Amino acid sequence: MVHEELFARLNEVGYKNWLKAGYCLLKVRDGLCGFADNEMRSFHHTVVRNNTVLRRGQPCLNNCRPRGNQFQSACPVCSEWQREILRHHTKPSSMINWGNCRPWLWPTEHWELAKAFMPRGLADANRAEHCDAAALLNLLHFCDHFSFINQGLVTEVIRCRNELMHSCEMQVSDQWISRFQKSLQQLLIQLRHVPEVAAAGLQIQEMLSVNLSVHVPGVDSVDGHEIEGVGIESISQWETELLRESLKDLLDDDLVPVDLKKVQTFHRFLSGHKDLEEQFKTELQSMLVLEEKLQQSLNSKES
């Protein structure tokens, strides 16, 4: 059986919950994508119209680029765009991820403006479709153009998303799922006038009511007997996408020696399943190197 190991994983309640919650985040991304793109196009137009310097339509004069996450010594045009970003950032004193941006494109590309309000690591995300739910939710939270949305609801969904993606055990309880569902529903209701968001809300509701468990001969802990209207290939595809996102979150963090256990736990999970071990062969090699570095740092601190 091609997906026998996945079938077995789907009979673990905590992991099944993790997958279902992750699927919901994929649907949140799909629902927000077009909305965020249209809103940022409108925001970009408004910024230009209301700024006498930017209204002239001048391009970047020096091919300005950030150095790492720092952006200094910019030309007058890019400096004006930088001021506008800070003016519209809900937390301008916090870390702004200038490294996401290609400032010379700010005058013409609305999505380059959007990336200044997102988490780091999105330099190559040239369109809304290239962003995950975390990026879009952070945009809604940190750009004041979206102040018409209840920010407490956005913050709560971001918190749930981070708990889910930072769970190296890939396990969440039924109680957690219930709280997550309530948070999602409250946020999506705010945007129910957007057809894609309304459609995503229905898909989320359907997924959270579906039983993903299947019977596998020789596997004892079975809490269901069929996959209700969900193709196993689709489940496998979104499982891979979610694991890659979770792994990216882990490896993009500024890890310190005390994070060694997190990396080891994730490593054990992937290598403990032959299908995942094969899929993530390259990533597992990188994790081994990282584990050695963290272990060396930990040993040096203890000695």
Side-chain angles (χ1 to χ4, degrees), residues 28-29 32-159 161-162 187 190-191 194 249 252-254:
V28 168
R29 177 198 65 190
L32 290 178
C33 198
F35 165 75
D37 189 58
N38 290 334
E39 288 296 322
M40 288 308 296
R41 185 178 284 107
S42 173
F43 173 64
H44 186 275
H45 177 75
T46 300
V47 169
V48 171
R49 185 186 63 213
N50 293 338
N51 186 299
T52 55
V53 175
L54 302 181
R55 204 185 305 156
R56 299 170 192 160
Q58 286 184 302
C60 167
L61 304 176
N62 296 331
N63 194 26
C64 299
R65 297 171 183 269
R67 292 187 177 182
N69 217 29
Q70 302 299 314
F71 186 51
Q72 300 170 344
S73 304
C75 74
V77 174
C78 290
S79 291
E80 193 62 32
W81 276 106
Q82 186 178 32
R83 278 190 285 272
E84 285 290 347
I85 289 168
L86 292 170
R87 190 162 71 86
H88 289 284
H89 202 290
T90 57
K91 295 184 179 178
S93 59
S94 64
M95 174 68 75
I96 311 295
N97 292 302
W98 302 112
N100 282 344
C101 304
R102 295 176 292 179
W104 68 94
L105 292 177
W106 282 336
T108 56
E109 300 291 336
H110 66 281
W111 204 249
E112 285 302 319
L113 191 62
K115 293 192 296 183
F117 301 95
M118 295 181 180
R120 66 182 180 178
L122 292 164
D124 296 327
N126 300 326
R127 302 201 308 265
E129 293 81 4
H130 297 160
C131 296
D132 60 14
L136 299 176
L137 289 167
N138 273 268
L139 174 62
L140 267 55
H141 181 55
F142 287 113
C143 180
D144 68 3
H145 175 73
F146 298 96
S147 58
F148 60 90
I149 301 173
N150 184 321
Q151 290 300 308
L153 299 179
V154 178
T155 302
E156 177 61 19
V157 174
I158 290 174
R159 187 179 68 79
R161 181 267 170 199
N162 290 341
L187 174 60
Q190 297 256 306
L191 299 170
V194 181
D249 265 28
D252 280 354
D253 276 349
D254 293 322

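Every value quoted in this text rests on a predicted model; they were computed, and no experiment measured them.
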Worksheet item: Would L191 and L32 count as a side chain to side chain contact (heavy atoms under 4.5 Å, CB included) if you check the C-alpha gap in whole Å, the side-chain angles of each, and the deciding distance to 0.1 Å?
Response: CA-CA 9 Å; L191 299 170; L32 290 178; 3.7 Å; yes

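- A distance-only check finds no donor-acceptor pair linking the side chain of N51 to the backbone of V47 [under 3.5 Å].
- At distances below 3.5 Å, not a single donor-acceptor pair connects side-chain atoms of E109 with backbone N or O atoms of P107.
- No donor-acceptor pair closer than 3.5 Å links the side chain of D37 to the backbone N or O of C33.
- Separation of atoms CZ (F117) and SG (C101) is listed at 9.0 Å; rounding is to 0.5 Å.
- In this structure, the side chains of Q72 and R67 stay at 4.5 Å or more apart for every pair of heavy atoms.
- More than 12 heavy atoms of other residues, nucleotides or ligands lie within 6.0 Å of CG in N50, so this atom counts as buried by the packing criterion.
- Minimum interatomic distance between L122 and A135 (heavy atoms only, all atoms of both residues): CD1-CB, 3.6 Å.
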Item to complete: Please test W111 against H44 for side chain to side chain contact (heavy atoms under 4.5 Å, CB included), starting from the C-alpha separation and ending with a verdict.
Response: CA-CA 9 Å; W111 204 249; H44 186 275; over 6 Å; no

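- Nearest heavy-atom pair across L139 and A114 is CD1-O, 3.8 Å.
- Here the side chains of P66 and P103 are in contact, with some heavy-atom distance below 4.5 Å.
- The two residues P59 and V77 make their nearest non-hydrogen contact at O-CG2, 3.5 Å.
- Panel note: side chain Q151, backbone L140; a donor-acceptor pair is recorded below 3.5 Å.
- Residues N138 and A134 share a closest heavy-atom pair of ND2-O, 2.7 Å.
- Ring geometry for H145 versus F43: interplanar angle of 30 to 60°, hence tilted.
- Proximity of a side-chain donor or acceptor of H130 to a complementary backbone N or O of N126 within less than 3.5 Å is detected.
- Proximity of N162 to I158: side-chain heavy atoms (C-beta onward) are separated by under 4.5 Å at one or more points.
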Worksheet item: Could you go step by step and tell me if H110 and L113 meet the side chain to side chain contact (heavy atoms under 4.5 Å, CB included) rule?
Response: CA-CA 5 Å; H110 66 281; L113 191 62; 5.5 Å; no

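- Looking at N97, its side chain does come within 3.5 Å of a backbone N or O of M118 through a donor-acceptor pair.
- Smallest separation of non-hydrogen atoms from C143 and T90: C-CG2, 4.2 Å.
- Remark: F142 CZ to L137 CG distance equals 11.0 Å, nearest 0.5 Å.
- In terms of modelled atom types and a separation under 3.5 Å, the side chain of N69 and the main chain of W98 share a donor-acceptor contact.
- Heavy atoms of other residues, nucleotides or ligands lying less than 6.0 angstrom from CZ of R49 number more than 12.
- Looking only at side-chain heavy atoms (C-beta outward), L187 and I149 come within less than 4.5 Å of each other.
- Atom CG of L54 and atom CH2 of W81 lie 5.0 Å apart (nearest 0.5 Å).
- Using modelled atom types, one side-chain atom of N100 and one backbone atom of K115 make a donor-acceptor pair closer than 3.5 Å.
- Here the CD atom belonging to E80 is positioned 9.0 Å from the CZ atom belonging to R56, to the nearest 0.5 angstrom.
- W106 places a side-chain N or O within 3.5 Å of a backbone atom of E112 that can act as its donor or acceptor partner.
- Within the model, atoms CD of E129 and CZ of R29 stand 10.0 Å from one another, a figure rounded to the nearest 0.5 Å.
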Worksheet entry | Pair R161-D249, side chain to side chain contact (heavy atoms under 4.5 Å, CB included): steps then yes or no | CA-CA 11 Å; R161 181 267 170 199; D249 265 28; 2.6 Å; yes

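- Although no hydrogens or angles enter the test, the distance criterion places no donor-acceptor pair under 3.5 Å between the side chain of N62 and the main chain of C64.
- To the nearest 0.5 angstrom, H89 atom NE2 is 8.0 Å from L86 atom CG.
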